[in-house]
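The structure appears below as structure tokens.
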Amino acid sequence: MTDAPGPRPIRVLIADDQRVVRDGLNMLVGLIDGVEVVGTACDGAEAVRLAEDHRPDVVLMDLRMPGTDGIAATADLRQRLPATRVLVLTTYADEDAIVPALQAGARGYLTKDASAEQIEAAIYAVHAGQTHLDPVVQERLVTAVISRAPAASPAAAPAAAPGAGQKPPGGLTAREAEVLTLLAAGLSNAEIGKRLYLSNATVKTHINRIFAKTGARDRAQAVRYAYQHGLAPPVQ
């Protein structure tokens, strides 16, 4: 009797315009258990072509590349190969890079000072359908949201959900939309409870329901949902 075949390896495509980076990542990623590198690309256009040929599970995508950049390639892949997940690996961790990449469909975002262990964890997480953001990226994203939010005094009214006559998206209740708006602004559960006069347990219940209704697996995915559906202040 022959042994049953093991699980299929995670197929990864690497896109970066610097050859030394491509070669280094090819070697590093190729050493990860259960991962197979199926190709490397020097720009976004080649990444899309190779992805259509090899159908990778994850594309490790640089952002600033000549010709078709990583953001345009990510958006293209989202349309052509929705099952392929993009993990950004870039030098840039500023608001002008992070937000467009997430809006284009990236499921993860790392900077190039990430360790081998962080890259491995991100590949596994993104392949599993989770969102994985570098802690520095997460902090800058939250800072960007807070800086765009209108100033409010401690006695200000709770954050507004969708305007009058508009139903919240995804089957959310008005209260859940309020909680999601504050979550996207970077508030902790305790801060949300204080702002909305709710107990910590009630806030947790609302957040669990938000995750269930929006399909979010974690707070980072919930923030992304809030951006996509107008529940977070738009980034100018």
Side-chain angles (χ1 to χ4, degrees), residues 4-93 97-134 137-138 141 215-218 220-221 224-225 228:
R8 186 174 75 88
I10 301 171
R11 295 163 57 81
V12 175
L13 176 68
I14 296 167
D16 196 290
D17 63 324
Q18 297 183 6
R19 182 173 180 176
V20 66
V21 175
R22 289 198 307 275
D23 291 347
L25 287 172
N26 191 2
M27 182 179 298
L28 185 154
V29 174
L31 294 174
I32 300 174
D33 289 339
V35 174
E36 174 188 3
V37 178
V38 297
T40 61
C42 65
D43 58 33
E46 186 177 22
V48 173
R49 288 197 302 271
L50 291 178
E52 290 189 305
D53 290 341
H54 298 290
R55 304 285 167 147
D57 300 301
V58 176
V59 176
L60 203 55
M61 183 80 75
D62 189 17
L63 289 186
R64 307 286 170 86
M65 295 183 286
T68 303
D69 66 16
I71 292 174
T74 296
D76 202 1
L77 286 171
R78 186 181 186 182
Q79 294 296 320
R80 295 171 184 255
L81 300 172
T84 294
R85 299 181 172 97
V86 172
L87 169 60
V88 170
L89 181 62
T90 183
T91 304
Y92 305 94
I98 298 167
V99 174
L102 296 179
Q103 290 174 332
R107 301 297 297 271
Y109 199 113
L110 293 176
T111 58
K112 285 185 177 177
D113 59 357
S115 67
E117 292 77 13
Q118 288 172 319
I119 293 174
E120 178 178 345
I123 289 173
Y124 287 148
V126 168
H127 176 254
Q130 301 170 7
T131 296
H132 189 99
L133 301 180
D134 185 292
V137 171
Q138 221 169 7
L141 183 60
R217 295 174 181 266
D218 50 38
Q221 284 191 348
R224 181 178 171 194
Y225 183 94
Q228 292 175 334

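Below, all heavy atoms of this structure are taken into account, side chains as well, without hydrogens, waters or symmetry copies.
- Minimum interatomic distance between Q138 and A220 (heavy atoms only, all atoms of both residues): NE2-CB, 3.9 Å.
- For L77 against A51, the heavy-atom pair with the smallest separation is CD2-CB, 3.6 Å.
- Q79 contributes no side-chain N or O that, together with a main-chain N or O of D76, makes up a donor-acceptor pair within less than 3.5 Å.
- Residues V88 and A106 come closest through the heavy atom pair CG2-CB, 3.8 Å.
- The distance from the OH atom of Y109 to the CG atom of L89 is 9.5 Å, given to the nearest 0.5 Å.
- For the pair Q221 (side chain) and R217 (backbone), a donor-acceptor distance under 3.5 Å is present.
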Stepwise side chain to side chain contact (heavy atoms under 4.5 Å, CB included) check, T40 with L13: CA-CA 6 Å; T40 61; L13 176 68; 5.7 Å; no
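- Of all heavy-atom pairs between A97 and P100, the closest is O-CD, 3.6 Å.
- Contact record, D43 with P66: CB-O, 3.5 Å, taken as the closest heavy-atom pair.
- In this structure, L102 and T131 have side chains that are not in contact, with every pair of non-hydrogen atoms separated by 4.5 Å or more.
- Using a cut-off of 4.0 Å between Lys/Arg side-chain N and Asp/Glu carboxylate O, D16 and K112 are scored as salt-bridged.
- Listed for the R85 side chain is a donor-acceptor partner under 3.5 Å among the backbone atoms of H127.
- Across every non-hydrogen atom of R80 and V48, the tightest pair is CD-CG1, 3.7 Å.
- Note that CG of L87 is 5.0 Å distant from CG of L110, once rounded to the nearest 0.5 Å.
- In this structure, NE2 in H54 is found 11.5 Å from CZ in R49, a value given to the nearest 0.5 Å.
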Intermediate values then yes/no, side chain to side chain contact (heavy atoms under 4.5 Å, CB included), V38 and V12: CA-CA 6 Å; V38 297; V12 175; over 6 Å; no
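- Considering CG of D57 and CZ of R8, their distance stands at 4.5 Å, rounded to 0.5 Å.
- With values rounded to the nearest 0.5 angstrom, L81 atom CG is found 5.5 Å from E52 atom CD.
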Side chain to side chain contact (heavy atoms under 4.5 Å, CB included) assessment of Y124 paired with D33: CA-CA 10 Å; Y124 287 148; D33 289 339; 4.2 Å; yes
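- None of T90, I71, V86, D69 except one satisfies the side-chain contact (heavy atoms from CB on, under 4.5 Å) rule with M61; the exception is V86.
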Residue pair R22, D17: steps toward the salt bridge (charged side-chain N to carboxylate O under 4.0 Å, His left out) verdict: CA-CA 8 Å; R22 289 198 307 275; D17 63 324; over 6 Å; no
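- Between H132 atom NE2 and R107 atom CZ the span is 13.0 Å, to the nearest 0.5 Å.
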Side chain to side chain contact (heavy atoms under 4.5 Å, CB included) evaluation trace for V58 with V35: CA-CA 10 Å; V58 176; V35 174; over 6 Å; no
